[in-house]
Enquirer: 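Structure incoming, see below.
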Amino acid sequence: MIQVVRSRAHAPRLMSVAALMAALASATVALAETPAGSVIPRPAVVPPTQGVFDLGEGTVLIVPHGDAEALRAATYFADLMQRTRGMNLTVREGEIAPGAVVFRRASEIAADAYRLDVTPRSAVITAGDFGGLLYGSISLWQLATVEAGQGAATIPAVAISDAPRFGWRGVMLDSARHYQSPEFIKGFIDWMALHKLNVFHWHLTDDQAWRLEIKRYPKLTEVGGWRVHAGAAAQKDIDPATGRPRLYGGIYTQDQVLDIVAYAAARNIVVVPEIDVPGHASAAIAAYPELGVTDVPGAAVPAVPADWGVYPTLFNVEEATLVFFENVMDEVVALFPSEYVHIGGDEAVKDQWKASPRVQERMRELGLVDEEKLQSWFVARLEKRLNDHGRRMIGWDEILEGGINPNASVMSWRGVEGAVEAARLGHDTVMSPAPVLYLDNRQSADDGSPGRGFTSTLRDVYSFDPTPDVLTPEQARRVLGVQGNLFTEHMRTEDRVEYQAFPRISALAEMAWTPHARMDFADFRKRLDPQLARYRALGVDYATIGLSETPAPTPPDGERRYDHQMKLCSAALPLSLIDDAPLEGERPALLMDILNPCWIYQSADLTRGLRFEAAVGQVPFNFQIGADRDKIRLGAPRTPAGELEVRIDGCEGEPALILPLAEAAGNDGITTLSGQLPARAGQHDLCLKFTQKELDPMWGVDWVRVSDPAKREED
């Protein structure tokens with residue numbers, strides 16, 4: 001991919017909803033009836049026209065003399081055509097000519113908006129800025145790749161006038177829980193650009209890692225960037241160089257960050273860094289213990305932890321700690337020219353602050369009435385430092401709870417309520433609600449991949465409206481835009497990130513760009529097919545499991561039913577968890593409610609009795625869930641390793657089958673257990689539960705098969 005680095009700071013320029021609606025008031029033609037029906041996101045205005053334009057090896061791309069941004073957009077288009085159709089196009093400066101693709105400026109066109117006029121004589125992209133030129137070229141590329149293949153393309157004539165609905169069209173990638181290489185980050189940014197997305201929110205620090213190099217505090221990455229995976233298999237993986245369990249992790253040097261930021265800017269994408277305070281603090285405190293609440297027993301962090309969930313660990317509120325983070329922010333703003341810096345602010349459990357005599361004394365010194373006000377004071381101190389650098393603060397919606405400064409912005413993740421409250425209070429806001437825009441949720445009920453156990457389908461993402469009816473028109477103008485999130489607790493690998501992100505990012509992109517009145521899922525689904533062909537041409541590892549909205553049939557008796565094809569007894573905290581082994585390569589994902597591990601195999605015909613088989617595995621119970629841990633009830637084991645119990649027509653009473661776990665307990669991978677179910681007339685539900693002494697490790701079911709031994713055939 002050809003790189004062109006932007007030479008000045010770049011941030012998304014925001015177009016108000018009112019201005020956008022006025023500009024698109026004439027949008028009356030149905031896109032599905034036009035030749036532009038392959039473009040994602042759906043353009044705003046596409047009047048009908050006639051003819052075709054032939055784009056081949058002899059086609060010249062013409063840019064204005066001395067226009068570096070037009071040259072960059074044209075070069076990007078030429079590179080895309082080479083990668084997807086094998087064409088080598090020439091870019092040159094000059095005037096419009098017959099048979100050419102022309103990039104042209106028009107100052108009256110709004111930020112990121114463009115016109116694309118394709119006639120039999122030429123294709124002309126007109127825009128007022130680099131974003132518009134780039135997005136116009138991407139739409140032209142989509143028109144040239146409606147059908148897969150190499151060589152010349154015939155493009156139907158169109159006259160597109162297009163502009164984004166929102167100025168913030170983002171994706172958040174969590175590189176703290178699992179590290180992705182700089183090369184992958186660049187590739188992901190490329191794919192974002194092809195969807196006309198323009199904000200890459202980079203989650204760089206959390207309890208499980210601090211990934212960003214801070215030169216003044218080198219231990220943040222030297223110590224904070226590395227941890228030991230949870231689970232018995234990781235403890236057995238001894239590094240011969242140290243004689244200790246092997247460390248996992250990675251860091252981003254400042255040179256790498258500068259390169260990524262420039263790469264993104266050359267694709268009209270701004271990188272917004274996230275540095276979490278005052279919670280999600282464990283990795284930083286493992287590196288610099290003096291940052292923690294040191295006068296509370298048990299608050300120390302001896303090593304970077306590997307549990308998921310919400311830790312009680314907070315930074316202390318001493319002056320030295322605030323100075324530490326002011327210095328961190330100084331280096332952050334030098335690396336990231338974005339208007340916004342994200343400071344987290346979420347899930348900061350205040351137990352340590354409440355238990356600390358020193359923190360309570362500090363609250364009295366500051367005249368603060370409670371711990372929520374203390375967090376607001378902490379955040380405001382760092383916000384001032386950012387404001388001194390000409391930057392703005394944005395944080396998760398918890399920052400509203402103790403009050404925030406008027407120019408702070410809010411990213412709403414706990415549903416839409418945070419954004420609604422922020423808009424009512426006069427704050428700019430970004431919609432990013434769970435579960436619908438959390439792309440680490442499963443993509444359908446048929447999806448057996450690791451992730452959060454709830455589902456967020458392609459249609460769910462597409463149908464979300466970032467400006468709900470509860471907002472007044474004035475409040476709706478406070479919605480800067482929308483963002484999908486990829487938290488990576490359950491995405492160990494880069495290909496897993498791709499699988500979870502695509503094709504739902506296409507739905508996200510259209511929802512963020514296209515006027516709400518022009519959204520049409522059936523039409524989108526038709527246009528998605530050529531988009532998937534483009535993914536294949538570019539090597540994007542997208543998911544296919546959620547493309548059909550027709551549920552897969554439940555496998556009958558005699559075939560394997562996987563965990564996601566059975567019914568969970570409850571769904572308080574459902575997760576699809578990666579099995580503990582092997583450390584490398586494919587590992588099954590085990591779907592369970594970790595607060596109540598229990599499964600229902602529905603409608604087994606027990607008339608003649610059945611052979612019962614269950615493939616079981618163990619996962620580390622590495623979850624910080626506070627008092628909810630005490631609510632988990634496990635059956636008392638009969639043997640030291642515990643048992644899998646199978647009951648008929650209910651989860652109480654005596655089990656019909658008991659399978660000891662002794663063999664499985666010695667295996668870090670999957671073990672198949674088997675036994676005989678008693679005969680009982682008709683069809684019956686089977687309830688599967690484990691007994692064990694301790695929560696860690698937690699047992700899960702990969703698949704179950706019930707079969708007539710007389711008819712059983714091996715797989």
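Not measured: the values here are computed from a predicted model.
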Enquirer: So Trp191 and Phe188, would you call those rings parallel, tilted or perpendicular, with 30° and 60° as cut-offs?
Expert: perpendicular

Enquirer: Below 6.0 angstrom between ring centroids: does that apply to Trp202 and His342?
Expert: no

Enquirer: Is Arg587 salt-bridged to Asp579, cutoff N-O under 4.0 Å?
Expert: no

Enquirer: Check whether the side chains of Asn667 and Thr671 place a donor and an acceptor atom closer than 3.5 Å, and report yes or no.
Expert: yes

Enquirer: Applying the salt bridge (Lys or Arg N to Asp or Glu O under 4.0 Å) test to Arg177, which of Asp207, Asp440, Asp206 qualifies?
Expert: Asp206

Enquirer: Any side-chain donor-acceptor pair under 3.5 Å between Thr221 and Glu213?
Expert: no

Enquirer: Would you confirm whether the ring centroid of Phe454 sits within less than 6.0 angstrom of the ring centroid of Tyr438?
Expert: no

Enquirer: Strictly by modelled atom types, are Trp703 and Glu613 linked by a side-chain donor-acceptor pair under 3.5 Å?
Expert: no

Enquirer: Is the Phe621 to Phe623 ring centre distance short of 6.0 Å?
Expert: yes

Enquirer: When you measure from the centre of the six-membered ring of Tyr499, is the NZ or CZ of Arg496 closer than 6.0 Å and no more than 45° off the axis?
Expert: yes

Enquirer: Report yes or no: is the cationic atom of Arg267 (NZ for Lys, CZ for Arg) closer than 6.0 Å to the six-membered ring centre of Tyr263, at no more than 45° off its axis?
Expert: yes

Enquirer: In terms of side-chain heavy atoms, does Ser506 have a donor or acceptor partner in Glu510 at a distance below 3.5 Å?
Expert: no

Enquirer: When you measure from the side chain of Asp307 to the backbone of Gln624, do you find a donor-acceptor pair of N or O atoms at a distance under 3.5 Å?
Expert: no

Enquirer: Are the aromatic ring centres of Tyr535 and His195 under 6.0 angstrom apart?
Expert: yes

Enquirer: Indicate yes or no: at least one non-hydrogen side-chain atom of His280 is less than 4.5 angstrom from one of Glu347.
Expert: yes

Enquirer: Test the Arg561-Tyr601 pair against the cation-pi criterion, namely NZ or CZ under 6.0 angstrom from the six-membered ring centroid and within 45° of the ring axis.
Expert: yes

Enquirer: Is the ring centre of His201 less than 6.0 Å from the ring centre of Trp396?
Expert: yes

Enquirer: Examine distances only and state if a side-chain atom of Asn441 and a backbone atom of Pro435 form a donor-acceptor pair shorter than 3.5 Å.
Expert: yes

Enquirer: Can you check whether Cys687 and Cys651 have SGs under 2.5 Å apart?
Expert: yes

Enquirer: Between Asp593 (side chain) and Ala572 (backbone), is there a donor-acceptor pair under 3.5 Å?
Expert: yes

Enquirer: Answer yes if the side chains of Thr457 and Glu549 hold a donor-acceptor pair under 3.5 Å, and no otherwise.
Expert: no

